[in-house]
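One structure is given here, and the rest of the page talks about it.
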Amino acid sequence: MPGVRPPSVDAVLRAAQAGLDGRDRAAVRAVAREVVAEERSALAGGSKASSADELAATMLRRLRDLEISTRAGAVGLERVINATGVILHTNLGRAAWPRAAIEAAVAAAGAPSLLELDRETGRRGRRFSAVEDEVIALTGAEAALVTNNNAAAVALAVGLAGRGGVAVSRGELVEIGGGVRIPEVVRRAGARLVEVGTTNRTRVADFEAALAEGRAKLVLRVHPSNFAQTGFVEAPDAAEVAEVAHRHGAVVVDDLGSGALLDTARFGLAHEPMPRERLQAGADLVTFSGDKLVGGPQAGIIAGRRELVERLRRDPLARAMRPDKVVLAALAATLRLYRAGVAQMEIPVWRQVGASLDELNRRAVDVFTTVAESQADHGQDEPCPVLAVDRTESTIGGGSLPGQMLPSWAVLILGVPPDPLLSKLRAGSPPVIGRIVDGAVVLDLRTVEPEDDAELAAVLAAALQHRPGGER
Ligand SMILES: *Cc1c(COP(=O)(O)O)cnc(C)c1O
(Lines give C-alpha, C1' and ligand atoms only; values in the text may rest on other atoms or scores of the structure.)
Protein backbone atom coordinates (compact mmCIF):
# COMPACT_ATOMS: atom_id res chain seq x y z
CA MET A 1 0.00 0.00 0.00
CA PRO A 2 1.77 3.18 -1.09
CA GLY A 3 1.65 6.24 1.15
CA VAL A 4 1.19 4.32 4.43
CA ARG A 5 3.13 5.98 7.27
CA PRO A 6 4.57 4.11 10.26
CA PRO A 7 3.25 4.99 13.73
CA SER A 8 5.07 7.95 15.33
CA VAL A 9 7.88 7.41 17.81
CA ASP A 10 5.63 8.86 20.53
CA ALA A 11 2.83 6.46 19.66
CA VAL A 12 5.25 3.52 20.00
CA LEU A 13 6.55 4.87 23.33
CA ARG A 14 2.99 5.27 24.65
CA ALA A 15 2.11 1.72 23.62
CA ALA A 16 5.20 0.44 25.43
CA GLN A 17 4.70 2.54 28.57
CA ALA A 18 3.81 -0.32 30.92
CA GLY A 19 6.96 -2.29 30.09
CA LEU A 20 9.41 0.56 30.50
CA ASP A 21 9.85 0.53 34.33
CA GLY A 22 13.07 2.41 35.34
CA ARG A 23 14.71 2.48 31.92
CA ASP A 24 16.47 5.66 30.80
CA ARG A 25 14.09 7.71 28.61
CA ALA A 26 16.74 8.86 26.12
CA ALA A 27 18.03 5.31 25.59
CA VAL A 28 14.48 3.99 25.11
CA ARG A 29 13.63 6.76 22.65
CA ALA A 30 16.75 5.94 20.59
CA VAL A 31 15.64 2.31 20.23
CA ALA A 32 12.07 3.42 19.40
CA ARG A 33 13.46 5.62 16.61
CA GLU A 34 15.43 2.65 15.26
CA VAL A 35 12.32 0.45 15.20
CA VAL A 36 10.18 3.13 13.51
CA ALA A 37 12.89 3.77 10.90
CA GLU A 38 13.04 0.04 10.11
CA GLU A 39 9.26 -0.03 9.76
CA ARG A 40 9.45 2.91 7.36
CA SER A 41 11.90 1.05 5.09
CA ALA A 42 9.84 -2.14 5.36
CA LEU A 43 6.72 -0.24 4.24
CA ALA A 44 8.64 1.35 1.36
CA GLY A 45 9.61 -2.18 0.34
CA GLY A 46 5.94 -3.16 0.24
CA SER A 47 5.68 -5.00 3.60
CA LYS A 48 2.48 -5.24 5.59
CA ALA A 49 2.06 -2.39 8.10
CA SER A 50 2.65 -3.10 11.82
CA SER A 51 0.61 -1.46 14.57
CA ALA A 52 2.09 0.76 17.30
CA ASP A 53 1.55 -2.16 19.73
CA GLU A 54 3.54 -4.53 17.52
CA LEU A 55 6.38 -2.02 17.17
CA ALA A 56 6.32 -1.46 20.94
CA ALA A 57 6.72 -5.21 21.47
CA THR A 58 9.66 -5.26 19.04
CA MET A 59 11.25 -2.35 20.88
CA LEU A 60 10.85 -3.98 24.31
CA ARG A 61 12.33 -7.24 23.01
CA ARG A 62 15.34 -5.36 21.65
CA LEU A 63 15.92 -3.55 24.96
CA ARG A 64 15.73 -6.85 26.84
CA ASP A 65 18.15 -8.52 24.42
CA LEU A 66 20.65 -5.70 24.89
CA GLU A 67 20.38 -6.10 28.62
CA ILE A 68 20.65 -9.90 28.62
CA SER A 69 23.63 -9.96 26.27
CA THR A 70 25.40 -7.33 28.37
CA ARG A 71 24.86 -9.27 31.59
CA ALA A 72 26.12 -12.44 29.90
CA GLY A 73 29.27 -10.58 28.90
CA ALA A 74 28.44 -11.12 25.23
CA VAL A 75 29.30 -7.66 23.93
CA GLY A 76 31.01 -8.67 20.75
CA LEU A 77 34.36 -10.04 21.92
CA GLU A 78 33.33 -13.64 21.55
CA ARG A 79 35.58 -16.28 23.09
CA VAL A 80 37.17 -18.59 20.51
CA ILE A 81 39.27 -21.73 20.67
CA ASN A 82 42.69 -21.03 19.17
CA ALA A 83 43.74 -24.21 17.37
CA THR A 84 46.08 -22.39 14.97
CA GLY A 85 49.27 -23.40 16.75
CA VAL A 86 50.26 -19.72 16.91
CA ILE A 87 50.63 -19.05 20.63
CA LEU A 88 50.59 -15.24 20.50
CA HIS A 89 48.01 -14.66 17.76
CA THR A 90 47.67 -10.91 17.27
CA ASN A 91 44.26 -11.24 15.58
CA LEU A 92 43.02 -13.35 18.50
CA GLY A 93 44.15 -10.87 21.15
CA ARG A 94 47.68 -12.18 21.90
CA ALA A 95 48.26 -13.42 25.45
CA ALA A 96 45.43 -14.82 27.56
CA TRP A 97 45.99 -13.58 31.11
CA PRO A 98 46.92 -15.82 34.01
CA ARG A 99 44.19 -16.44 36.59
CA ALA A 100 45.93 -14.17 39.15
CA ALA A 101 45.91 -11.26 36.68
CA ILE A 102 42.20 -11.70 35.95
CA GLU A 103 41.38 -11.69 39.66
CA ALA A 104 43.55 -8.62 40.29
CA ALA A 105 41.86 -6.84 37.37
CA VAL A 106 38.35 -7.64 38.60
CA ALA A 107 39.22 -6.37 42.08
CA ALA A 108 40.73 -3.17 40.67
CA ALA A 109 37.75 -2.58 38.39
CA GLY A 110 35.09 -2.91 41.06
CA ALA A 111 36.25 -0.77 43.96
CA PRO A 112 38.24 2.35 44.81
CA SER A 113 41.90 1.63 45.53
CA LEU A 114 45.12 3.33 46.61
CA LEU A 115 46.01 3.92 42.95
CA GLU A 116 47.61 7.31 43.51
CA LEU A 117 47.12 7.85 47.22
CA ASP A 118 49.95 7.45 49.68
CA ARG A 119 48.73 5.39 52.64
CA GLU A 120 51.12 7.08 55.12
CA THR A 121 50.63 10.74 54.24
CA GLY A 122 47.10 10.61 52.83
CA ARG A 123 48.30 12.69 49.89
CA ARG A 124 48.70 12.07 46.22
CA GLY A 125 51.46 9.55 45.64
CA ARG A 126 53.15 7.88 42.67
CA ARG A 127 50.68 6.10 40.43
CA PHE A 128 50.57 2.47 41.56
CA SER A 129 54.29 2.03 42.09
CA ALA A 130 53.88 -1.68 42.95
CA VAL A 131 54.00 -2.64 39.28
CA GLU A 132 57.22 -0.67 38.81
CA ASP A 133 58.70 -2.41 41.86
CA GLU A 134 57.96 -5.76 40.20
CA VAL A 135 59.69 -4.66 36.98
CA ILE A 136 62.71 -3.45 38.95
CA ALA A 137 62.94 -6.72 40.87
CA LEU A 138 62.81 -8.78 37.66
CA THR A 139 65.15 -6.72 35.49
CA GLY A 140 67.62 -5.21 37.95
CA ALA A 141 66.76 -1.75 36.58
CA GLU A 142 67.01 1.37 38.76
CA ALA A 143 63.53 2.51 37.76
CA ALA A 144 60.58 1.61 35.55
CA LEU A 145 57.56 3.14 33.84
CA VAL A 146 54.54 1.46 32.25
CA THR A 147 52.72 2.71 29.12
CA ASN A 148 49.73 1.51 27.08
CA ASN A 149 51.81 -0.65 24.78
CA ASN A 150 55.37 -1.05 23.61
CA ALA A 151 54.87 1.13 20.53
CA ALA A 152 54.08 3.99 22.95
CA ALA A 153 57.10 3.10 25.09
CA VAL A 154 59.41 3.30 22.06
CA ALA A 155 57.90 6.59 20.86
CA LEU A 156 58.25 8.09 24.34
CA ALA A 157 61.85 6.89 24.76
CA VAL A 158 62.92 8.18 21.32
CA GLY A 159 61.74 11.61 22.47
CA LEU A 160 64.83 11.71 24.71
CA ALA A 161 66.80 12.66 21.59
CA GLY A 162 64.91 15.95 21.36
CA ARG A 163 65.65 17.42 17.94
CA GLY A 164 68.92 15.52 17.81
CA GLY A 165 69.93 12.43 15.88
CA VAL A 166 68.76 8.89 16.54
CA ALA A 167 71.24 6.31 15.24
CA VAL A 168 69.69 3.06 14.03
CA SER A 169 71.34 0.19 12.15
CA ARG A 170 69.97 -0.15 8.62
CA GLY A 171 69.34 -3.80 9.47
CA GLU A 172 66.89 -2.69 12.18
CA LEU A 173 64.82 -0.07 10.34
CA VAL A 174 61.87 -2.40 10.61
CA GLU A 175 58.13 -2.27 10.29
CA ILE A 176 56.74 -3.61 13.55
CA GLY A 177 53.33 -4.43 12.10
CA GLY A 178 50.13 -2.57 11.40
CA GLY A 179 52.18 -0.15 9.27
CA VAL A 180 54.24 1.17 12.22
CA ARG A 181 57.75 1.81 10.89
CA ILE A 182 60.78 2.79 12.94
CA PRO A 183 61.88 5.64 10.62
CA GLU A 184 58.43 7.20 10.96
CA VAL A 185 58.36 6.72 14.74
CA VAL A 186 61.66 8.65 14.91
CA ARG A 187 60.40 11.42 12.61
CA ARG A 188 57.11 11.78 14.48
CA ALA A 189 59.04 12.14 17.75
CA GLY A 190 60.68 15.21 16.19
CA ALA A 191 64.13 13.62 16.05
CA ARG A 192 66.42 13.03 13.08
CA LEU A 193 67.13 9.54 11.82
CA VAL A 194 70.82 8.70 11.38
CA GLU A 195 71.11 5.46 9.39
CA VAL A 196 74.07 3.30 10.33
CA GLY A 197 75.77 0.45 8.44
CA THR A 198 74.01 -1.61 5.79
CA THR A 199 70.94 -3.81 5.58
CA ASN A 200 72.85 -7.03 6.18
CA ARG A 201 75.99 -5.92 8.02
CA THR A 202 76.49 -3.25 10.64
CA ARG A 203 79.61 -3.03 12.80
CA VAL A 204 80.53 -1.14 15.95
CA ALA A 205 82.82 1.03 13.81
CA ASP A 206 79.77 2.22 11.87
CA PHE A 207 78.20 3.44 15.11
CA GLU A 208 81.50 4.97 16.15
CA ALA A 209 81.57 7.01 12.93
CA ALA A 210 77.99 8.23 13.34
CA LEU A 211 78.53 9.14 16.99
CA ALA A 212 81.98 10.69 16.62
CA GLU A 213 80.67 13.36 14.34
CA GLY A 214 78.19 14.25 17.07
CA ARG A 215 75.33 13.51 14.73
CA ALA A 216 73.42 11.27 17.16
CA LYS A 217 72.31 11.75 20.76
CA LEU A 218 70.55 8.43 21.03
CA VAL A 219 71.24 4.92 19.77
CA LEU A 220 68.08 2.92 19.16
CA ARG A 221 68.38 -0.83 18.88
CA VAL A 222 65.29 -2.60 17.58
CA HIS A 223 64.91 -6.33 17.96
CA PRO A 224 64.07 -7.73 14.52
CA SER A 225 61.26 -9.68 16.06
CA ASN A 226 59.14 -10.55 13.04
CA PHE A 227 61.80 -11.62 10.52
CA ALA A 228 65.19 -13.30 10.51
CA GLN A 229 68.30 -12.55 8.47
CA THR A 230 70.55 -15.38 7.36
CA GLY A 231 73.60 -15.59 5.14
CA PHE A 232 76.21 -12.82 4.93
CA VAL A 233 75.02 -10.92 7.98
CA GLU A 234 76.69 -9.24 10.92
CA ALA A 235 75.25 -7.29 13.86
CA PRO A 236 77.41 -5.56 16.46
CA ASP A 237 77.65 -6.76 20.03
CA ALA A 238 75.22 -4.87 22.30
CA ALA A 239 77.86 -4.18 24.96
CA GLU A 240 80.33 -2.75 22.44
CA VAL A 241 77.72 -0.44 20.93
CA ALA A 242 76.78 0.77 24.41
CA GLU A 243 80.42 1.44 25.27
CA VAL A 244 80.92 3.54 22.14
CA ALA A 245 77.62 5.37 22.64
CA HIS A 246 78.46 6.28 26.23
CA ARG A 247 81.95 7.43 25.28
CA HIS A 248 80.27 9.95 22.97
CA GLY A 249 77.62 10.99 25.47
CA ALA A 250 74.71 9.22 23.73
CA VAL A 251 71.91 7.27 25.36
CA VAL A 252 71.16 3.65 24.37
CA VAL A 253 67.53 2.55 24.08
CA ASP A 254 67.02 -1.14 23.35
CA ASP A 255 63.55 -2.08 22.06
CA LEU A 256 63.30 -5.79 22.85
CA GLY A 257 59.80 -6.34 21.49
CA SER A 258 58.85 -9.42 23.48
CA GLY A 259 61.17 -9.06 26.44
CA ALA A 260 61.29 -12.69 27.60
CA LEU A 261 61.45 -13.00 31.39
CA LEU A 262 62.16 -16.75 31.18
CA ASP A 263 64.99 -18.16 29.08
CA THR A 264 63.43 -19.44 25.84
CA ALA A 265 66.44 -21.72 25.29
CA ARG A 266 65.18 -24.03 28.01
CA PHE A 267 62.23 -24.90 25.71
CA GLY A 268 64.46 -25.79 22.77
CA LEU A 269 64.01 -22.38 21.15
CA ALA A 270 66.63 -19.79 20.23
CA HIS A 271 67.63 -17.58 23.13
CA GLU A 272 65.42 -14.49 23.11
CA PRO A 273 67.14 -11.40 24.57
CA MET A 274 66.09 -10.80 28.17
CA PRO A 275 65.66 -7.31 29.68
CA ARG A 276 68.14 -7.92 32.51
CA GLU A 277 70.85 -9.07 30.08
CA ARG A 278 70.47 -6.04 27.86
CA LEU A 279 70.61 -3.66 30.82
CA GLN A 280 73.74 -5.45 32.02
CA ALA A 281 75.16 -5.08 28.50
CA GLY A 282 74.90 -1.32 28.91
CA ALA A 283 71.49 -0.33 27.55
CA ASP A 284 70.29 2.76 29.42
CA LEU A 285 66.66 1.83 28.81
CA VAL A 286 64.96 -1.30 27.55
CA THR A 287 61.37 -1.41 26.33
CA PHE A 288 59.11 -4.44 25.84
CA SER A 289 55.46 -5.50 25.57
CA GLY A 290 53.24 -6.74 28.38
CA ASP A 291 51.23 -9.09 26.16
CA LYS A 292 53.87 -10.91 24.16
CA LEU A 293 56.17 -13.33 25.98
CA VAL A 294 55.52 -11.61 29.33
CA GLY A 295 52.07 -13.15 28.92
CA GLY A 296 49.99 -10.46 30.63
CA PRO A 297 47.86 -7.46 29.61
CA GLN A 298 48.64 -5.12 26.72
CA ALA A 299 51.20 -2.67 28.08
CA GLY A 300 54.62 -1.21 27.35
CA ILE A 301 57.33 -1.59 29.95
CA ILE A 302 60.28 0.81 30.14
CA ALA A 303 63.08 -0.10 32.53
CA GLY A 304 66.51 1.35 33.09
CA ARG A 305 68.39 4.33 34.50
CA ARG A 306 66.50 6.36 37.06
CA GLU A 307 67.34 9.80 35.71
CA LEU A 308 66.07 8.88 32.23
CA VAL A 309 62.94 7.14 33.50
CA GLU A 310 62.10 10.20 35.59
CA ARG A 311 62.52 12.44 32.55
CA LEU A 312 60.08 10.23 30.64
CA ARG A 313 57.65 10.25 33.56
CA ARG A 314 57.56 14.07 33.44
CA ASP A 315 57.01 14.13 29.66
CA PRO A 316 53.44 15.37 29.00
CA LEU A 317 53.10 12.60 26.39
CA ALA A 318 53.53 10.02 29.16
CA ARG A 319 50.13 11.05 30.51
CA ALA A 320 48.54 10.37 27.11
CA MET A 321 50.11 6.91 27.10
CA ARG A 322 49.36 5.77 30.60
CA PRO A 323 47.48 2.53 31.22
CA ASP A 324 44.45 2.31 33.48
CA LYS A 325 44.26 0.74 36.93
CA VAL A 326 42.87 -2.56 35.62
CA VAL A 327 45.89 -3.09 33.37
CA LEU A 328 48.32 -2.02 36.08
CA ALA A 329 46.81 -4.46 38.57
CA ALA A 330 46.85 -7.30 36.02
CA LEU A 331 50.43 -6.57 35.01
CA ALA A 332 51.63 -6.45 38.62
CA ALA A 333 49.97 -9.81 39.28
CA THR A 334 51.50 -11.33 36.14
CA LEU A 335 54.99 -10.10 37.02
CA ARG A 336 54.69 -11.37 40.58
CA LEU A 337 54.18 -14.90 39.24
CA TYR A 338 57.70 -14.70 37.80
CA ARG A 339 59.13 -13.60 41.11
CA ALA A 340 57.30 -16.44 42.84
CA GLY A 341 58.90 -18.86 40.40
CA VAL A 342 55.56 -20.18 39.09
CA ALA A 343 55.39 -18.39 35.73
CA GLN A 344 55.74 -21.56 33.69
CA MET A 345 52.84 -23.20 35.48
CA GLU A 346 50.53 -20.21 35.86
CA ILE A 347 50.98 -18.07 32.73
CA PRO A 348 49.09 -19.51 29.73
CA VAL A 349 51.72 -18.41 27.19
CA TRP A 350 54.48 -20.32 29.02
CA ARG A 351 52.23 -23.27 29.79
CA GLN A 352 51.66 -23.58 26.05
CA VAL A 353 55.32 -23.08 25.18
CA GLY A 354 56.28 -25.73 27.72
CA ALA A 355 53.52 -28.30 27.06
CA SER A 356 55.05 -31.78 26.69
CA LEU A 357 54.79 -33.70 23.43
CA ASP A 358 53.40 -36.77 25.22
CA GLU A 359 50.63 -34.72 26.76
CA LEU A 360 49.80 -33.04 23.42
CA ASN A 361 49.70 -36.44 21.73
CA ARG A 362 47.38 -37.89 24.38
CA ARG A 363 45.00 -34.93 24.03
CA ALA A 364 45.01 -35.11 20.22
CA VAL A 365 44.17 -38.82 20.39
CA ASP A 366 41.31 -38.09 22.84
CA VAL A 367 39.79 -35.43 20.58
CA PHE A 368 40.24 -37.70 17.55
CA THR A 369 38.54 -40.61 19.33
CA THR A 370 35.58 -38.52 20.51
CA VAL A 371 34.97 -37.13 17.03
CA ALA A 372 35.45 -40.48 15.28
CA GLU A 373 32.96 -42.16 17.66
CA SER A 374 30.35 -39.45 17.17
CA GLN A 375 30.64 -39.93 13.42
CA ALA A 376 30.14 -43.67 13.76
CA ASP A 377 27.09 -43.03 15.98
CA HIS A 378 25.45 -41.11 13.21
CA GLY A 379 25.99 -44.02 10.86
CA GLN A 380 27.15 -42.03 7.88
CA ASP A 381 27.46 -44.35 4.92
CA GLU A 382 28.85 -41.94 2.32
CA PRO A 383 32.64 -41.59 2.11
CA CYS A 384 33.80 -39.85 5.27
CA PRO A 385 36.32 -37.11 5.80
CA VAL A 386 39.50 -38.76 6.96
CA LEU A 387 40.48 -37.90 10.51
CA ALA A 388 44.04 -38.39 11.66
CA VAL A 389 46.36 -37.58 14.53
CA ASP A 390 49.70 -36.31 13.28
CA ARG A 391 52.73 -34.27 14.18
CA THR A 392 52.70 -30.58 13.39
CA GLU A 393 54.68 -27.47 14.28
CA SER A 394 53.56 -24.58 16.47
CA THR A 395 55.04 -21.08 16.45
CA ILE A 396 55.28 -18.35 19.07
CA GLY A 397 53.82 -15.56 16.86
CA GLY A 398 53.09 -12.01 17.97
CA GLY A 399 56.43 -10.81 16.63
CA SER A 400 58.47 -13.18 18.75
CA LEU A 401 61.11 -15.70 17.70
CA PRO A 402 60.48 -15.63 13.93
CA GLY A 403 61.17 -18.92 12.18
CA GLN A 404 61.38 -20.82 15.48
CA MET A 405 59.14 -23.88 15.61
CA LEU A 406 57.95 -26.09 18.45
CA PRO A 407 57.03 -29.68 17.54
CA SER A 408 53.41 -30.42 18.40
CA TRP A 409 50.48 -32.80 17.83
CA ALA A 410 47.30 -32.04 15.92
CA VAL A 411 44.04 -33.50 14.72
CA LEU A 412 43.97 -33.40 10.90
CA ILE A 413 40.95 -33.52 8.64
CA LEU A 414 41.65 -34.63 5.06
CA GLY A 415 39.50 -35.54 2.10
CA VAL A 416 37.20 -32.50 2.28
CA PRO A 417 37.72 -29.00 0.87
CA PRO A 418 39.54 -27.21 3.70
CA ASP A 419 38.27 -23.64 3.35
CA PRO A 420 34.55 -24.46 3.79
CA LEU A 421 35.43 -26.65 6.79
CA LEU A 422 37.48 -23.84 8.40
CA SER A 423 34.53 -21.51 7.96
CA LYS A 424 32.14 -24.09 9.52
CA LEU A 425 34.53 -24.34 12.46
CA ARG A 426 34.55 -20.53 12.79
CA ALA A 427 30.74 -20.61 12.85
CA GLY A 428 30.80 -23.08 15.76
CA SER A 429 29.87 -22.31 19.31
CA PRO A 430 32.44 -21.39 20.44
CA PRO A 431 34.18 -20.62 17.14
CA VAL A 432 37.24 -22.82 16.50
CA ILE A 433 40.12 -21.25 14.56
CA GLY A 434 42.33 -23.70 12.67
CA ARG A 435 44.75 -23.57 9.77
CA ILE A 436 45.42 -25.32 6.46
CA VAL A 437 48.63 -27.26 5.81
CA ASP A 438 49.07 -29.11 2.49
CA GLY A 439 45.33 -29.15 1.84
CA ALA A 440 44.41 -30.56 5.27
CA VAL A 441 42.70 -28.72 8.10
CA VAL A 442 45.06 -28.84 11.08
CA LEU A 443 43.88 -28.30 14.66
CA ASP A 444 46.98 -27.92 16.84
CA LEU A 445 46.42 -28.89 20.47
CA ARG A 446 49.30 -26.78 21.84
CA THR A 447 47.35 -23.53 21.69
CA VAL A 448 44.09 -25.05 22.99
CA GLU A 449 43.57 -24.91 26.75
CA PRO A 450 43.10 -28.54 27.95
CA GLU A 451 39.73 -27.71 29.54
CA ASP A 452 38.49 -26.69 26.07
CA ASP A 453 39.29 -30.07 24.44
CA ALA A 454 35.75 -31.40 24.85
CA GLU A 455 34.25 -28.30 23.23
CA LEU A 456 36.79 -28.50 20.41
CA ALA A 457 35.73 -32.11 19.74
CA ALA A 458 32.02 -31.17 19.84
CA VAL A 459 32.43 -28.25 17.40
CA LEU A 460 34.50 -30.40 15.04
CA ALA A 461 31.98 -33.26 15.17
CA ALA A 462 29.12 -30.85 14.41
CA ALA A 463 31.02 -29.23 11.54
CA LEU A 464 31.62 -32.66 9.98
CA GLN A 465 27.92 -33.61 10.27
CA HIS A 466 26.93 -30.83 7.87
CA ARG A 467 29.51 -31.75 5.35
CA PRO A 468 31.54 -28.90 3.96
CA GLY A 469 32.12 -28.56 0.25
CA GLY A 470 28.50 -28.88 -0.90
CA GLU A 471 28.54 -32.59 -1.84
CA ARG A 472 24.79 -32.61 -2.00
C1 LIG B 1 55.73 -5.91 18.96
C2 LIG B 1 56.83 -4.94 18.92
C3 LIG B 1 56.59 -3.58 19.19
C4 LIG B 1 55.22 -3.07 19.49
O5 LIG B 1 54.74 -3.54 20.71
P6 LIG B 1 53.19 -3.38 21.08
O7 LIG B 1 53.13 -3.80 22.49
O8 LIG B 1 52.44 -4.25 20.13
O9 LIG B 1 52.85 -1.94 20.89
C10 LIG B 1 57.65 -2.72 19.16
N11 LIG B 1 58.90 -3.14 18.87
C12 LIG B 1 59.16 -4.45 18.59
C13 LIG B 1 60.57 -4.85 18.27
C14 LIG B 1 58.14 -5.38 18.61
O15 LIG B 1 58.39 -6.68 18.36
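As the structure lists them, so they are numbered: ligands from 1, and atoms in each ligand from 1. FYI, side chains are in, hydrogens and waters are out, and symmetry mates aren't considered; it's all heavy atoms of this structure.
Of the polar atoms of Ser289, at least one N or O is found under 3.5 Å from an N or O of ligand 1, judged by distance alone. Below 3.5 Å of separation, one finds an N or O of Ser225 facing an N or O of ligand 1. Residue Leu256 has no N or O atom closer than 3.5 Å to an N or O atom of ligand 1.
In terms of protein heavy-atom proximity, atom 1 (C) of ligand 1 is closest to Lys292 NZ, 1.4 Å. Of the protein's non-hydrogen atoms, Ala151 N, 2.8 Å is the one closest to atom 9 (O) of ligand 1. Distance from atom 11 (N) of ligand 1 to its nearest protein heavy atom, with residue and atom name: Asp255 OD2, 2.6 Å.
At least one heavy atom of Arg94 sits less than 4.0 Å from an atom of ligand 1. For the pair Ile176 and ligand 1, a heavy-atom separation below 4.0 Å is found. Within the structure, the closest approach of Gln298 to ligand 1 does not fall below 4.0 Å when heavy atoms are considered.
Not one N or O on the side chain of Arg181 forms a donor-acceptor pair closer than 3.5 Å with the backbone of Leu173. In this structure, the side chain of Gln298 does not engage the main chain of Val327 through any donor-acceptor pair within 3.5 Å. The backbone N or O of Ala137 sits nowhere less than 3.5 Å from a side-chain atom of Asp133 that would complete a donor-acceptor pair.
A salt bridge links Arg313 with Glu310: the closest approach of a Lys/Arg side-chain nitrogen to an acidic carboxylate oxygen falls below 4.0 angstrom. One finds a salt bridge joining Glu243 and Arg247 here, because a Lys/Arg side-chain nitrogen approaches an Asp/Glu carboxylate oxygen to under 4.0 Å.
Ser356 and Asp358 share no donor-acceptor pair across their side chains, judged by distance under 3.5 Å alone. Remark: the Asp444 side chain and the Thr392 side chain contain no N/O donor-acceptor pair separated by less than 3.5 Å.
Listed by atom number, the atoms of ligand 1 under 4.0 Å from Gly257 heavy atoms are 12 (C), 13 (C), 14 (C), 15 (O). Of all atoms in ligand 1, listed by their number and element, those nearer than 4.0 Å to a heavy atom of His223 are 13 (C).
Contact annotation: the side chain of Pro297 approaches that of Trp97 to within less than 4.5 Å [non-hydrogen atoms, C-beta and beyond].
Of all the heavy atoms of Asn150, the ones lying under 4.0 Å from any atom of ligand 1 are found in both the backbone and the side chain.
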